[in-house]
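All values below were derived from every heavy atom in this structure, side-chain atoms included, with hydrogens, water molecules and symmetry-related copies excluded. A, B, ... follow the sequence lines: proteins, then strands. Residue 1 opens every chain.
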Amino acid sequence: RLRKWQERIRTKDAGERNLQFALSEMDRMASALGAPRSTREVASVLYRRALNEDLIRGRSIEAVSTSCLYAACRMEGIPRSLDEVTEVARVPYKEIGRTYRYIAQELKLEMQPVDPKEYVPRFASELGVSEEVKQKANEIIDVSAEQGLLSGKSPTGFAAAALYAASLLCNEKKTQREVAEVSQVTEVTIRNRYQEQIEAMGLY
Amino acid sequence: MTSPADSIEIQNVVASTGIGQELDLEALADDLPGADFNPDNFPGLVYRTQNPKAAALIFRSGKIVCTGAKSIDDVHEALDIIFDKLRGLSIPVEEDPEITVQNIVSSADLGHNLNLNALAIGLGLEDVEYEPEQFPGLVYRMDEPEVVILLFGSGKIVITGGKQTDDATTAVEQIVERIENLGLLG
DNA sequence: GCTTTAAAAAGTAACCT
DNA sequence: AGGTTACTTTTTAAAGC
């Protein structure tokens, strides 16, 4: 009886210690990603829910913490791509993706696909383009998505191409290389999405 | 009018069987030309047949997995070739070992582009996995028949996890009906 | 969970010319 | 800029770590 009681305390203490570690990890990554405090709070709520529903068994605290932060950014409408998250994480891309899908399913988060427009403000400010370019990029995204070009495409690449096209249309040209750098997408992908988008806009 | 069900093509059939006889894979690797055996990487010996094209994983226990065949008949033909090769090596093989089809992978074409974003919401986010950042296909798990369907923006789809030939047909009819009811097909 | 095998779908990426 | 190769997803059995 005493053993069980001691074990319970030990488990609870371990859980608390692990929770503190998870919270500090999420805080570290959120800082590195420049995510606001609200996002860290959402992420910590997700982690506590995962802990309460025993979703961490068989997975690393690192992977669950990282996935919660990735999900929280999306839920707050200020997504970080899996590539960006991987850069500040201590677990590989594939494991973050797999753990995120598991957590999202089990916690019934019913995550909507990321809207490429949600990447525009951040990429645009990193590129240092005007408000006009942002608006044009959003317009390009809406028009080409309505024409069915978005299905299956990476939201990051879609946003990157729209920003590249918008920078040309607004005479504030950014090179494909510059856009590729801030969006973590290859120039080949930007070129491919760009061609489809300007055709959709009737601008070729 | 051709229906999507008519576009179904079986792409791969996975089946398991066994010869009811323990095998010395090291010796078998030497006696079977073209056999790949790397016990450090994987416990099974890999043997490929050319006609029909298939790959067999042969285990020490005598159990065999056959994959890559384009039809159930091809699975039987490929395994018969392997059974005969083993017999030719003086390894006793039962007359007609039981062969169990474990998985059939098929492809089909719905004939219209799909708005995967709308489809994810329409089919129910709880039953759907659609993460275009990680993979361009929408993953839909169907209960009856119990198969997994991958749907792409082009309208092309993949049906996998079925054990019977008509699972794919039933699945395609079901998914077409669901998408039509959602007003998302063409 | 991982290792291996096959196959389709479409997107993205890496590498070479 | 283009082409090739290769990886992402799903399924499934096998024996063993």
- Considering only D/dT8, D/dA14, C/dA7, which nucleotide approaches the side chain of B/Phe59 most closely? D/dA14

- Message: Does B/Lys85, at its NZ atom, have more than 12 non-hydrogen atoms belonging to other residues, nucleotides or ligands within less than 6.0 Å?
- Response: no

- Task: Please measure how far the C1' atom in C/dA9 lies from the corresponding atom in D/dA1, and state the result in whole Å.
- Result: 27 Å

- Task: Go through D/dT11, C/dG11, C/dA7 for me and flag the one nearest to the B/Arg141 side chain.
- Result: D/dT11

- Message: Nearest whole Å is fine: how far is C/dA10 P from B/Leu114 CG?
- Response: 11 Å

- Task: Mind running a 4.0 Å heavy-atom check of residues 31-44 of chain B against DNA chain C and sending the residues that fall below it, in number order?
- Result: B/Asn41, B/Phe42

- Which residue lies more 5' along DNA chain D, comparing B/Asn12 with A/Val188 via nearest heavy atoms: A/Val188

- Message: For the NZ atom of B/Lys63 and the CD1 atom of B/Ile58, what is their distance to the nearest 0.5 Å?
- Response: 15.0 Å

- Examine the base of C/dA6 for any acceptor or donor lying under 3.5 Å from a partner atom in the side chain of B/Thr67, and report the outcome as yes or no. yes

- Main-chain N/O of B/Gly68 paired with B/Lys53 side-chain donor or acceptor, under 3.5 Å: no

- Salt bridge B/Glu131-A/Arg74, side-chain N to carboxylate O under 4.0 Å: yes

- Determine the interatomic distance between C1' on C/dA8 and the same-named atom on D/dG2; round to the nearest Å. 25 Å

- Message: Rounded to whole Å, please give me the gap between CD in B/Gln11 and P in C/dA9.
- Response: 7 Å

- Task: Output yes when A/Lys153 and A/Glu196 qualify as a salt bridge under the 4.0 Å nitrogen-oxygen rule, no when they do not.
- Result: yes

- Message: If I pick the P atom on C/dA10 and the same atom on D/dT12, what distance separates them, to the nearest angstrom?
- Response: 23 Å

- If you look at every strand shown and take non-hydrogen atoms under 4.0 Å, does B/Thr100 touch a base, only sugar-phosphate, or nothing? nothing

- Query: Among residues 144-152 of chain B, which residues get a heavy atom nearer than 4.0 Å to DNA chain D?
  - Reply: B/Val148, B/Leu150

- Message: Does A/Arg59 reach a base, just sugar-phosphate, or nothing at all? Heavy atoms under 4.0 Å.
- Response: nothing

- Query: Do we get A/Arg59 above A/Tyr102's six-membered ring, with its NZ or CZ under 6.0 Å from the centre and within 45° of the axis?
  - Reply: yes

- Using a 4.0 Å heavy-atom cut-off across all strands, classify A/Arg98 as base, sugar-phosphate, or nothing. sugar-phosphate

- Task: Mind checking B/Ser154 for me? I need base, sugar-phosphate or nothing, with any heavy atom below 4.0 Å counting as a touch.
- Result: sugar-phosphate

- Task: Look at all strands and tell whether A/Gly152 reaches a base, only sugar-phosphate, or nothing, counting heavy atoms closer than 4.0 Å.
- Result: sugar-phosphate

